[in-house]
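Worksheet: one structure, shown below.
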Amino acid sequence: MTDRATLAQPASSLKGVGPALTEKLARLGIETVSDFLFHLPHRYQDRTQVTAIAHLTSGREAVIEGTVTASELVKGRRQSLLVRLKDPTGIVSLRFFHFSQAQLKQFERGTHVRCFGEARAGSTGLEFYHPEYRVLTSNAAAPVEETLTPIYPTTEGLPQTKLRALMQQALEAFEHDPDTLPELLGDALRARFSLPTLHDALALIHRPPPEVSLDQLIDGTHPMVSRLALEEMLAHQLSLRQIRQRIQRDSAPRLHSGAGLEARFLAGLPFALTGAQQRVLNEIHQDLAHGAPMLRLVQGDVGSGKTVVAAMAMLSAVANGYQAALMAPTELLAEQHYQTLSNWLTPLGLEVGWLAGKLKGKARLDVKEGFANGRVQIAVGTHALFQDDVQFKRLGLAVIDEQHRFGVHQRLALREKGEAEGVTPHQLIMTATPIPRTLAMSAYADLDVSVIDELPPGRTPVRTVAMPNERRDEVIERIREACLEGRQAYWVCTLIEDSDALQSEAAQSTHIRLQDALPDLTIGLVHGRMKAAEKATVMQAFKAGELDLLVATTVIEVGVDVPNASLMIIENPERLGLAQLHQLRGRVGRGSTQSFCVLLYHPPLSNQGKARLGVMRDTNDGFKIAEQDLALRGPGEVLGTRQTGLVDLKVADLTRDKGLLPTVRACAEALEQDDARQSALINRWVGRGADRYGQV
Ligand code: ADP
Ligand code: MG
């Protein structure tokens, strides 16, 4: 009878794990014994050999062994215990700032000591500060570690040694009963792609033999790490595919192109659709007529004209007797869309309704009633549209603008809105963050992708310059000139902290200072702390040309559309990511005059900061910028996935591992028919997180 834990048991079944520790482990995502195995080291120490003192290098960790030749208390700014340790090749010092009486006695002349630590240049030559050490009692050679020592990411209150001891128990459970963690890739796939087994990968990663390439292990390019990354990406891909398949098994209204209504709409527009808009629209119409729910992502650079495309799709729903809803990530943007759509669609006799969290009282009840009884054909709003108390009579299409701000989960909530009718609404997702294709395929495996790869004619690319804050006065003068010529400008304030309150304060004080500096201009202010109605009034005034200059926080980042604005100043652009800068800059360059964007930075810039501003100066192409952003920041930040839980990867890194994507796809196809294996993979990697994807 053994009391060894098994892999499937909760972490608390390991020896020494009580409620407090259970909670700390949960913070690391460790809930079961097997979770330990997927908690990978972020670095390693090499304690497998004793280094001769003469061969020590500053800044490198090493095990050394020697005899104490002297030990003394050194007075200085801080008292320290200095121990001189000698081996046949040389001599070094161990230095302790905290030490006990026992330690003081322990380092007698002639004592044999082995120690591990990082050698650094100190006042006596190379020194080890607070090394781990052990007094060797016999003269027989003490064994060294046989494998490299893993260092695991940990959390406050959980020391590395403790975590490693628990890991040891988990690894024993694994070695004792390896079959509880089955190989899920199968012989055929492993042979086809020359992949190692899961067991070999885990064993090597947790206990690497000394000859393994540490660099590869640490940067994650080692084949054993790739093996795990591949399996993880595969699991996510399968999970998204399953969601997609389940949704597509539902039925959706067949929406035939509502030719008459659409023709009237197009006839009223002051422009013709671009070829790219037309092509994407055709793709959408095919999906809509199909009878299964559309799941389509439309990518289009800032200003490429996604709204018109959305409006056309919504008209198809209305023409077939259904409602359509458009969800935007902020109230400001929802409001803009509401205005645009009202302007376009009310003349056609349609009713457009608006709903956001801030709409209260009778107005709220009214619009909700309009959704529920079908009076409102086009619903526009924030995520408030998809709360439980909102009902639609016949929702046929849901459009989501700026997808990256919403998670898969929120999208799925949408689907339920149509279910009362027994049909699932079509989904159209629009994003201006152009996601490199490789990445889109893995992050959005559940979506078809259309790209609007052409800007409306007559746009002149925005000219971007970076200027240090010392030239602020020059910049202000430039605003004056532009505005006196009848153009309009934005001044965008940014802050490091993601705090609405602080951002708003910064914008308020900038507003005051600019009013002082530019008394002959009319200057408006819009920030996140204003009431939705106040914001709307200011935006309206700016749009109507009543304001020359608009001081704003990054609330204007998405969607705001004022073609006469041709100058934008972004303060402290070094604080923003490239995608965000590109979004902001997209607010200008919407008319036919030459637009400018001034990046007003505070020197000194970090190297990354310089690189980022350089990219902005050099290109207006959202796809190039997205690629650079990915390279500089990684996909978590770029896709906003940290916030939405869209892809929460333990091992894989979509940038580093993008070369694995073709294999991931091939494996996903090979497992098409193997439901059991698919579920096992999803359970292992997406597992308890699966509810993030919605219970579908
Ligand atoms: P985004 O793709 O960034 O959401 P919008 O839909 O806001 O872009 O469109 C940007 C501007 O371009 C709007 O003023 C819109 O009316 C205009 N626009 C859209 N399509 C065309 C077109 N085919 N020709 C000219 N202007 C267009
Ligand atoms: Mg838009």
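All ligand and atom numbering here is 1-based and tracks the order in the structure.
- Within the 4.0 Å heavy-atom cutoff, Ser304 counts among the residues contacting ligand 1.
- The distance from atom CD of Glu351 to atom CD1 of Ile378, rounded to the nearest 0.5 Å, is 11.0 Å.
- Evaluated for a side chain to side chain contact (heavy atoms under 4.5 Å, CB included) with Leu578, the options Arg612, Gln583, Lys624 yield exactly one hit, Arg612.
- With sequence neighbours excluded, the residues that form a side-chain hydrogen bond (donor to acceptor under 3.5 Å, both in side chains) with Asn469 are Arg472, His602.
- Gln515 pairs with exactly one of Ile523, Leu549, Thr510 by the side chain to side chain contact (heavy atoms under 4.5 Å, CB included) rule, that one being Ile523.
- Using a non-hydrogen distance threshold of 4.0 Å, Ala272 registers as a contact of ligand 1.
- With a heavy-atom cut-off of 4.0 Å, Asp401 does not touch ligand 1 at all.
- The nearest non-hydrogen atom to atom 5 (P) of ligand 1, considering only Val309, Thr307, Val562, comes from Thr307.
- Contact atoms of ligand 1 toward Thr274: 23 (N) (distance under 4.0 Å to a heavy atom of the residue).
- Between Arg480 and Asp520, at least one side-chain N (NZ, or NE/NH1/NH2) sits under 4.0 Å from a carboxylate O, which counts as a salt bridge.
- Salt bridge absent: Glu481 and Arg478 never bring a charged side-chain N and a carboxylate O closer than 4.0 Å.
- Expressed to the nearest 0.5 Å, how far CG of Leu613 lies from CG of Leu581 amounts to 7.0 Å.
- Only the side chain of Gln277 comes within 4.0 Å of ligand 1, judged by heavy-atom distances.
- For ligand 1, the polar-atom distance check finds an N/O of Gly305 within less than 3.5 Å of one of the ligand's N/O atoms.
- Those atoms of ligand 1 that come under 4.0 Å of a heavy atom in Leu273, given as number and element, are 23 (N).
- Geometrically, ligand 1 and Val302 share no nitrogen or oxygen pair separated by less than 3.5 Å.
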